[in-house]
Amino acid sequence: MIGILDLQGGVLEHLDHLQRLGIPARRVKVATELKGLKGLILPGGESTCLRRLLAMEKMDDAIRAAAKRGLKLWGTCAGAILLADEIVGETGILKLMEITVERNAYGSQLDSFNCLVSIAELAPEPLPLVFIRAPVIVRTGKSVRTLLEVKGKIAAAESDAALVTTFHPELSPTLAFHAYFAHKCGVRPTTKTMALAPDWSMTSWTRLAKV
Amino acid sequence: MTDKKTDRFTLNVQLAQMLKGGVIMDVTDVAQARIAEDAGAVAVMALERVPSDIRKQGGVARMSDPDMIEKIKAAVSIPVMAKARIGHMVEAQILEALKIDYIDESEVLTPADEECHIDKMQFSIPFVCGARNLGEALRRIAEGAAMIRTKGEAGTGNVVEAVRHTRTMNREIRQLQNMPMEEVVPFCKNNGLPYELALKVRELGRLPVVNFAAGGLATPADAALLMQLGCDGVFVGSGIFKSDNPAKRAKAIVQATTYFNDPKKLLKFSKGLGEAMPGIEISTIPENERLANRGW
């Protein structure tokens with residue numbers, strides 16, 4: 001089972017992707033819901049807001065304790081900021097990965113962009129990636145290796161315990177990163193693993209939020 | 001629509017998706033913006049007067065002084081929104097030049113055009129617009145809004161209109177889903193729905209973009225109520241900084257929006273907040289002074 005931290009942000013988009021791969025998944029709002037998880041996704045959202053919500057109900061301590069017990073973590077965009085040891089200009093939040101991140105490092109929303117990248121390790125075909133007011137990783141420590149650079153900046157990195165991507169695979173048909181993270185957690189997708197979801201659309205998440 | 005414009009619109013819709021489960025707060029100066037950020041707001045709406053003061057003072061309400069918006073922008077790291085008058089494309093151009101994060105084409109300001117809203121597809125930055133029903137929401141999306149909010153009745157501290165607008169939209173979505181195909185065209189005609197978007201809503205069972213509650217929310221329980229009714233997040237305007245203890249109330253509303261389905265936690269968040277803003281009974285507001293009636 002993989003959890004998605006459900007305090008604020010792009011939770012349903014990740015849930016949609018995990019379900020497409022047949023990976024058991026649940027939303028995590030309180031510490032008791034971390035029990036039995038192999039991995040936890042920290043989604044995109046507003047990192048300042050997430051920082052406050054993590055502290056208010058002591059979810060930060062609970063996640064740190066679970067990480068010590070072997071829970072694997074994946075932060076996308078704001079989630080990467082939550083995991084970083086250091087944030088340029090402010091103190092770190094969960095400090096569970098040896099990286100320094102800089103917020104909004106590509107610029108404002110007008111500088112948000114899509115691109116296609118090839119990552120041989122993940123998939124034979126090029127993968128569409130979405131960068132929205134994205135941070136960049138400006139330093140990696142000894143325990144961290146770089147997975148991907150985009151526009152000369154580190155956009156994905158990994159340690160034994162955690163994965164960070166400054167972009168949003170959950171906002172594109174790209175399933176490869178979710179499959180990769182599941183593998184890292186020792187969870188096997190039950191459906192045939194595809195790098196791209198053929199029938200994904202930008203409104204796919206809405207099936208999980210009907211009125 | 002060119003491909004570049006489609007891409008930009010998609011990125012703006014997706015940016016708004018990242019606000020889900022969050023609270024957007026009205027602020028009128030740097031000190032308030034810092035309190036909002038510190039309480040865990042996902043964004044702030046920078047404006048000169050909160051709706052309850054606009055309502056009291058009357059007169060024409062316009063876009064805020066860009067200087068004031070800029071100061072707020074410099075003081076916080078969270079996104080900053082600002083309001084343009086309905087149909088006032090030049091106010092919107094100025095706000096875009098200022099590089100704020102979102103424009104709210106808002107009925108809280110005095111409308112500049114009594115027929116047309118802004119052609120939002122001409123802009124690169126995202127717009128949020130108010131709606132009372134499905135027709136209004138889809139017309140705004142057709143014009144290029146990347147995000148919808150209910151109108152509610154701003155500045156009243158009375159949640160009843162936001163509830164009415166949410167229930168109306170939800171009811172119309174369910175009707176659209178359950179009717180036979182031959183009834184869709186007359187339904188669109190009678191309710192002012194753009195046809196293609198109506199088909200999309202029929203397929204999805206909700207709006208294709210994020211929909212927040214706004215207008216009259218004043219307590220943690222109000223925020224949780226609108227979340228339980230299916231909204232994706234909430235705006236709180238006068239409700240925070242017109243109350244006794246803004247910092248505490250702001251934080252409680254943020255928590256209530258996240259844990260909207262947990263009555264025990266809601267009980268905890270609701271305690272000891274001091275007086276909420278004084279409310280106004282909607283029936284005491286003359287029809288021509290109701291802000292929700294602005295917009296077409």
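Reminder, nothing fancy here: chain letters follow the sequence lines and each chain counts from 1. If you're wondering where the values come from, they're calculated on a predicted model, not measured in any experiment.
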Anything under 30° is parallel, anything over 60° is perpendicular, the rest tilted; go ahead and classify B:Y259 against B:F269.
tilted

Is it the side chain or the backbone of A:R133 that comes within 4.5 Å of chain B heavy atoms, both, or neither?
side chain

Only counting residues at least two apart or in another chain, list the ones meeting side chain to side chain contact (heavy atoms under 4.5 Å, CB included) with B:L273.
B:P220, B:K248, B:R249, B:A252

Counting heavy-atom pairs closer than 4.5 Å to chain A, which one of B:P208, B:G230, B:G205 comes out on top?
B:G205

Checking A:L83, A:L94, A:L5 against A:L73 for side chain to side chain contact (heavy atoms under 4.5 Å, CB included), the one that qualifies is A:L83

Between A:F131 and A:K153, is there a cation-pi geometry (under 6.0 Å to ring centre, at most 45° from the normal)?
no

Between B:A39 and chain A, which part of the residue has a heavy atom less than 4.5 Å away: side chain, backbone, both or neither?
backbone

What part of B:P126 gets within 4.5 angstrom of chain A, counting heavy atoms only: side chain, backbone, both, or neither?
side chain

Heavy-atom distances under 4.5 Å only: say whether B:N211 touches chain A with side chain, backbone, both or neither.
neither

Quick one: list whatever passes ring pair (Phe, Tyr, Trp, His ring centres under 6.0 Å) with B:Y102, sequence neighbours left out.
none

For A:H178 and A:H14, take the angle between the two ring planes, folded into 0 to 90°, and tell me which bin it lands in: parallel under 30, tilted 30 to 60, perpendicular over 60.
tilted

I'd like to know which of B:I78, B:D232, B:I173 tops the heavy-atom pair count under 4.5 Å against chain A.
B:I78

So, the part of A:E90 with a heavy atom under 4.5 Å from chain B: the answer is neither

Hey, which of B:D38, B:I125, B:T166 has the most heavy atom pairs under 4.5 Å with chain A?
B:D38

Given heavy-atom pairs under 4.5 angstrom as the criterion, report whether the side chain, backbone, both or neither of B:L229 touches chain A.
neither

Under a 4.5 Å heavy-atom cutoff, which of B:D262, B:N170, B:V254 has the most pairs with chain A?
B:N170

Roughly how far, to the nearest 0.5 Å, is the OH atom of B:Y195 from the CZ atom of B:R202?
8.5 Å

Residue from B:C231, B:P79, B:G233, B:A43 scoring the most non-hydrogen pairs under 4.5 Å with chain A is B:P79

Whether A:H168 side chain and A:A134 backbone form a donor-acceptor pair below 3.5 Å
no

Checking B:L15 against chain A: side chain, backbone, both or neither under 4.5 Å from a heavy atom?
both

With chain B, the option among A:Q109, A:R207, A:K210 that has the most non-hydrogen atom pairs under 4.5 Å is A:Q109

Contact origin within A:L171 toward chain B - heavy atom pairs under 4.5 Å
both

Roughly how far apart are B:T258 OG1 and B:I253 CD1, rounded to 0.5 Å?
12.5 Å

